[in-house]
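Keep in mind that this is a model prediction, so the values were computed, not measured.
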Amino acid sequence: MERSTEFLSNIDMIVGPRGHRRWPDAVKAQIVAETLVEGASVGAVARRYDMRANHLSEWRRMAREGKLVLPAVPEGPSFAALVVRDDVETAPELAPPPLDLICGSVHVRLVANTSAARIAEIVRALNAPS
């Protein structure tokens, strides 16, 4: 996945003498919000922004405590209306196909709802020495 640091050149991020970055609260909030999307992980989001996961976890803690205001969450999913109609023709239910047991030259056809115990009895009888 590509890194998302390209947009950071347009913000007022301050880089200290030892290379430490200072992130504006709006950017922190945006990055934290990305970790709250279903399926996202703190580690993956941190890698996208070239930062350590524990640093991002600290921002998440700040958001939980109300010290960092997150952007508004987009509106949730919308649902289609369900239309129930009585005038639709339904296909007739078909009977399940029969079961065929073939042992050598013997072919036995059973109804589909034959019990497993009965099928086992027939198979034993077909395989019994004559």
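In this structure, I122 is not a member of the same hydrophobic cluster as V111, with clusters built from ILVMFWY side-chain heavy atoms closer than 4.5 Å. Linking ILVMFWY residues whenever their side-chain heavy atoms come closer than 4.5 Å, directly or via other members, places Y49 and L70 in the same cluster. Note on I102: it does not cluster hydrophobically with I119, by side-chain heavy-atom contacts below 4.5 Å among ILVMFWY residues. Transitive grouping of hydrophobic side chains (ILVMFWY, heavy atoms separated by less than 4.5 Å) brings L99 and V106 into a common cluster.
Looking at D25 and V69, their side chains never come closer than 4.5 Å, going by heavy atoms from C-beta outward. No side-chain heavy atom of Q30 sits under 4.5 Å from any side-chain heavy atom of W23.
Under the 4.0 Å criterion applied to side-chain N and carboxylate O atoms, E121 and R118 are assigned as salt-bridge partners.
Rounding to the nearest 0.5 Å gives a distance of 8.0 Å between CD of E58 and NZ of K67. For the atom pair CG (L101) and NE2 (H107), the distance works out to 8.0 Å, reported to the nearest 0.5 Å. Here the CE atom belonging to M62 is positioned 4.5 Å from the NZ atom belonging to K28, to the nearest 0.5 angstrom.
Taking both residues in full, the closest heavy atoms of S57 and V42 are given as OG-CG1, 3.7 Å, listed atom of the first, atom of the second, then distance. The shortest heavy-atom contact between L56 and M51 is N-CE, 4.1 Å. Closest approach of L68 to W59, counting heavy atoms only: CD2-O, 3.8 Å. Contact detail for D100 and R109: the closest heavy-atom pair is OD1-NE, 2.8 Å. Across all non-hydrogen atoms, the minimal contact from P97 to A112 is O-CB, 3.3 Å.
Within 6.0 Å of atom CZ in R61, more than 12 heavy atoms from other residues, nucleotides or ligands are found, so the atom counts as buried in its surroundings.
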